[in-house]
Amino acid sequence: MTRPVLPTRRAVLAGLAAGGAVSALPLPSRAQAAFLTKAIPSTGERIPVVGLGTWVTFNVGRDPRALDRCAEIMRHFFEGGGTLIDSSPMYGSAQNTIGYGLEKLGRTDRGVFSADKVWTSSVSRGPAQIEESRRHWTMPRFDLLQVHNLRAWQGHLKTLFEMKEAGEVRYVGITTSDGRAHEEFLKVMRTQPLDFIQVTYNPVDREVEERILPLARDRGMAVIANRPYRHSRLIDFVQRHPLPGWAEEADAQNWPEFLLKYIVSHPAVTCAIPATSQIEHVRENIRAAYGRLPDEATRWRMAAHVESL
Amino acid sequence: MRDWGNYELSDLLLFTKETYYRQFELYNEAIWPAQLAALAAGLAILALIRWRPAGSGRMIVLLLAAAWAGPAFGYFFTRHAFINWVAPYYGWAFIVEAALLLLLGAALGRLTFRTRMSGIRKAGLVLFAFALLVQPLLGLPAGRPLVQAELFAVMPDPTAVATLGLLLAADRVRWLLLIVPMLWCAIAGLTLWEMDSNVFFVPPAAAILVLVLAIGRAMGHEAQGRSGG
């Protein structure tokens, strides 16, 4: 099979400089490079391997300038083929920002895989919070609802499974982040028929490789990887170093692609959800959903390289 | 709430630095020219302390209580609450401080500025003047525009620092009234630290300075009491 040719960053920037255009790495076309999707095990539905997180970056209040910028980020994300957007009531005004963007882009009922969370210690308040979240998103219903950080998970999962039974949500999941509460997380995974789990996973936070990811695979659960850049600390750190020449083996033209391809190439991981407040970065991120994924040997090499920096 | 011990400071910051300062900008634009009234209130407090007309003590306390209500209702309960679920709790803390000022200062008359000021008390006035006139400008060297300036009685940080200065300058240190502003200065310092602000140290430094000086005043009074009878 002929290797699809992706334009290199150097070639593109040289061309853009010659043309006097604004610097922006174009996305490859579907003819140039394979668009990467993975199946949700419980249904077989395929979703792109790169989604969009909204923690911090979409919490912009009522600032009209910032709201429009976030809408542009969403536009570029959708144009790049992205669909899954993840949020939570915990993220301040992020849900409102998403709703603003979806209305502005005319996407309140199409082309979005909406993933949100229930985040309240009051089980009885759960349905009202979910409804409030749905109104903020301006969506008819959510695709995926997750119990955020296992808060009151027993009661909330009962609510979510009832909603799924009634057709009010398509998938049910749980989340944690930064290595917290993994023992309890495993317990819930072993005993509940979850469609999704969401955990922190990146080349330096790999604890989930030991038990959680294998269990997710065994139990047929899709995996969303959050904090792929460790709140930008990881990407800021690695970008101080040159990208290794062999990164092309994974079609990684830059560090965001390098990190994201490492993450989503794990057999158990379905997608990663990097968050950003910059249009160039969302374009860089969605580029990681194109081309080849590294094989197991390259993955080990990638992790070892990042750890050696 | 589960697992709070496993959270880092960055996990508790729900917004970017840009969003944080844009909130100030949008708020200032929305309430202009109320900032002039806030500045006038601060200058009036200094004038009342300087010339001590009849009833000045209660007037100072009423102005100070209003200064605490300003950030609570104008900022925490409204704008900041939209991006930070903790903001209403901050707002209520500011309301509590305003209520304590009214109770202890206005109703019970325990916050007064009648007697001759020592050096430590004058230092408190200097701190108040700093919070009123200099602290709003601290963002300028970092490139933040004047429209993002934080003012006494409008935004929480200078209100807390100014209050600490004023409490140090009072006839007697009222320890109960120091609690909320000191806690706020700690929170402000941590927030500014996490946002890489060059002036992160200002609120906590003010709190530590006032605490040390207030303790010094208390020990000086105690020594006088033991020696003088």
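This one's a predicted model, so the numbers in the text were calculated from it and none came from an experiment. Order of the sequence lines fixes the chain letters, A, B, ..., with proteins taken first and strands second; residue numbering starts at 1 for each chain.
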(message) Please tell me whether B:Gln135 and B:Asp157 have a donor and an acceptor in their side chains that are separated by less than 3.5 angstrom.
(response) no
(request) Check the side chains of A:Ser87 and A:Thr54 for a donor-acceptor pair under 3.5 angstrom, ignoring hydrogens and angles. (result) yes
(message) Counting only non-hydrogen atoms closer than 4.5 Å, does A:Arg230 touch chain B with its backbone (N, CA, C, O), its side chain (CB onward), both, or neither?
(response) neither
(request) For a salt bridge (charged side-chain N to carboxylate O under 4.0 Å, His left out) with B:Arg144, tell me which candidate from B:Glu18, B:Glu25, B:Glu150 qualifies. (result) B:Glu150
(message) Report which part of A:Ser121 has an atom under 4.5 Å of a heavy atom belonging to chain B: side chain, backbone, both, or neither.
(response) neither
(request) Flag the one option from B:Ile83, B:Leu26, B:Thr19 with the top tally of heavy-atom pairs under 4.5 Å to chain A. (result) B:Ile83
(message) Angle between ring planes, B:Phe94 versus B:Phe76, binned at 30° and 60°: parallel, tilted or perpendicular?
(response) perpendicular
